[in-house]
Amino acid sequence: MTTATAPAPAEVHTGAPRRSVITRIVDRLGGGAIQVVMVLLGLFWLVPTLGLMVVSLRTPAVNGAEGWWTIFTKPAELTIENYKNLLASGFTSSFWNTVFITVPTTVLVIGIAAMAAYAFAWMDFPGRDLSFLVVVGLLIVPIQIALIPVAIFYGGVGIFGTIPGVVLFHVAFGLPFAIFLLRNFFVGIPASLLEAARMDGASELKIFVRVVFPLGKPAIASLGIFQFLWVWNDMLIALVFADTDNQPMTKQLQSQMRQFGSNVDILSSGAFLSLIIPLVLFFAFQRYFVQGMMAGSVK
């Protein structure tokens, strides 16, 4: 007489997703350990900036004889003489030229891109999809192929070598990415908010100013930071379209390097001054980088 074999128990699925190895490691270490690691990584990232600052505050003779880390045992070696020499060399005008190029460019790109992105996201007009595809296609156009044609055009209209010419070039090549980014964000805004505003009699301009723009602040602020950093640190466009009287800091530093290749005190102090403004801006608005796409939506 044979005995029937009992069927194997069916595998029970709880429905809970499998936890990754990284998740299990984080749970074992705890939040405090992760925070310590992140702080150490942040400090390690700031080491080059600290070294540049120390080099800019020491004389060329000391920099040539010792490493910058010796400042912890010899703080008396710090001096601001390098910055005095830098300002005397005409670096102040280059600093203001950089401001006059970067700030208008950032404001124009944000303003134009935000309005265009709202139109592509929530307004119906003939050729909307095709126009947006053209904008997306412009993302792959390299800047280098436009340098000579734009330079010829600028020479014809009389703005070659001027600050407005540099600003217009940055705006033209900054708009495709800005429109693409903001349009994708604006599409995620609940349509019920816009319909309610239209039912209350609000115009499209009022909807954009009162509803869309406030809800899009995280994306707009992030775009503004990226655009500011890109224009502030640009040298290619400045080399082509800015003359000596209108050159920004990047071109000024490049000319100093060409003329005084071993002039580390001037280069280090100028590089630190050009670095400190974007660094302060980043730390002031870094919270916008961690806000999700649902920021500002209704619950």
Side-chain angles (χ1 to χ4, degrees), residues 46 48-49 52-53 55-57 80 82-114 143 146-147 150-151 154 157-178 181-182 217 219-259 263 265-289:
L46 290 174
T49 304
L52 179 64
M53 181 186 68
V55 171
S56 69
L57 291 172
I80 61 172
N82 294 339
Y83 289 94
K84 292 181 180 179
N85 297 333
L86 179 69
L87 297 179
S89 65
F91 196 82
T92 304
S93 61
S94 298
F95 173 83
W96 287 113
N97 288 337
T98 305
V99 173
F100 295 149
I101 291 173
T102 306
V103 174
T105 298
T106 304
V107 173
L108 287 174
V109 168
I110 290 177
I112 298 174
I143 293 177
L147 295 178
V150 173
Y154 279 5
V157 298
I159 61 174
F160 184 83
T162 63
I163 290 179
V166 180
V167 171
L168 289 176
F169 193 95
H170 279 299
V171 171
F173 276 86
L175 281 176
F177 173 74
L181 176 67
L182 294 183
K217 280 183 179 179
I220 292 172
S222 299
L223 171 64
I225 294 172
F226 283 121
Q227 183 67 32
F228 184 94
L229 296 178
W230 179 57
V231 178
W232 185 275
N233 296 320
D234 170 74
M235 188 174 67
L236 174 62
I237 299 174
L239 284 173
V240 177
F241 295 105
D243 57 19
T244 305
D245 296 332
N246 300 314
Q247 63 182 0
M249 289 186 296
T250 51
K251 187 175 179 180
Q252 174 74 6
L253 289 174
Q254 188 270 344
S255 63
Q256 291 285 345
M257 183 178 297
R258 184 176 63 249
Q259 296 175 9
N263 204 357
D265 53 335
I266 297 294
L267 295 176
S268 60
S269 54
F272 186 76
L273 280 181
S274 65
L275 168 69
I276 192 65
I277 300 299
L279 195 63
V280 171
L281 181 71
F282 176 80
F283 281 113
F285 294 96
Q286 62 175 331
R287 62 191 180 94
Y288 289 106
F289 286 96

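Heads up: numbering here begins at 1 and tracks the sequence. No experiment lies behind these values; they were computed from the predicted model shown.
When the side chain to side chain contact (heavy atoms under 4.5 Å, CB included) test is applied to L181, the partners found at least two apart in sequence or on another chain are F177, L223. Applying the ring-ring contact (aromatic ring centres under 6.0 Å, His included) test to F91 and every residue at least two apart in sequence or in another chain returns nothing. Applying the side-chain hydrogen bond (donor to acceptor under 3.5 Å, both in side chains) rule to S56 yields the partners Y83; only residues at least two apart in sequence or on another chain are considered. Listed by chain and residue number, nothing satisfies the side chain to side chain contact (heavy atoms under 4.5 Å, CB included) test with S93 (two or more places apart in sequence, or in another chain). Every residue two or more places apart in sequence or in another chain that forms a side-chain hydrogen bond (donor to acceptor under 3.5 Å, both in side chains) with Q247 is listed here: Q252. With sequence neighbours left out, Y154 forms a side-chain hydrogen bond (donor to acceptor under 3.5 Å, both in side chains) with no residue at all. Looking at residues two or more places apart in sequence or on another chain, you find a side chain to side chain contact (heavy atoms under 4.5 Å, CB included) between N97 and I163. With sequence neighbours excluded, no residue satisfies ring-ring contact (aromatic ring centres under 6.0 Å, His included) with F272. Remark: N233 engages no residue in a side-chain hydrogen bond (donor to acceptor under 3.5 Å, both in side chains) (not counting sequence neighbours). Partners of L281 according to the side chain to side chain contact (heavy atoms under 4.5 Å, CB included) rule, which considers only residues two or more places apart in sequence or in another chain, are F228, F285.
Residues K251 and M235 come closest through the heavy atom pair N-CG, 4.5 Å. Residues H170 and I101 share a closest heavy-atom pair of CD2-CG2, 4.1 Å. Heavy-atom minimum distance, A238 versus T250: CB-OG1, 4.4 Å. Taking both residues in full, the closest heavy atoms of L229 and P278 are given as CD2-CB, 3.1 Å, listed atom of the first, atom of the second, then distance. Considering every non-hydrogen atom in both V240 and L147, the closest pair reads CG2-CD1, 4.2 Å. Across every non-hydrogen atom of V109 and G174, the tightest pair is CG1-O, 4.0 Å.
Side-chain contact between I237 and F173 is absent, with no heavy atoms from C-beta onward closer than 4.5 Å. Side-chain contact between V166 and T105 is absent, with no heavy-atom pair separated by less than 4.5 Å. The shortest distance between side-chain heavy atoms of T162 and F241 does not fall below 4.5 Å. Side-chain contact between L239 and L236 is absent, with no heavy atoms from C-beta onward closer than 4.5 Å. When side chains are defined from C-beta on, L273 does not count as touching F95, because their heavy atoms never get closer than 4.5 Å. P164 is not listed as a side-chain neighbour of I159, based on a closest heavy-atom distance of 4.5 Å or more. Looking at heavy atoms from C-beta onward, I110 lies out of side-chain contact with Q227 at the 4.5 angstrom threshold.
To the nearest 0.5 Å, atom CG of residue L46 and atom CE of residue M53 are 10.0 Å apart. The distance from the CZ atom of F226 to the OG1 atom of T106 is 13.0 Å, given to the nearest 0.5 Å. Distance CG/D243 to CG/N246: 4.5 Å, rounded to 0.5 Å.
Around atom CD1 of I80, no more than 12 heavy atoms belonging to other residues, nucleotides or ligands sit under 6.0 Å away.
S274 places a side-chain N or O within donor-acceptor distance of the main-chain N or O of A271, the cut-off being under 3.5 Å.
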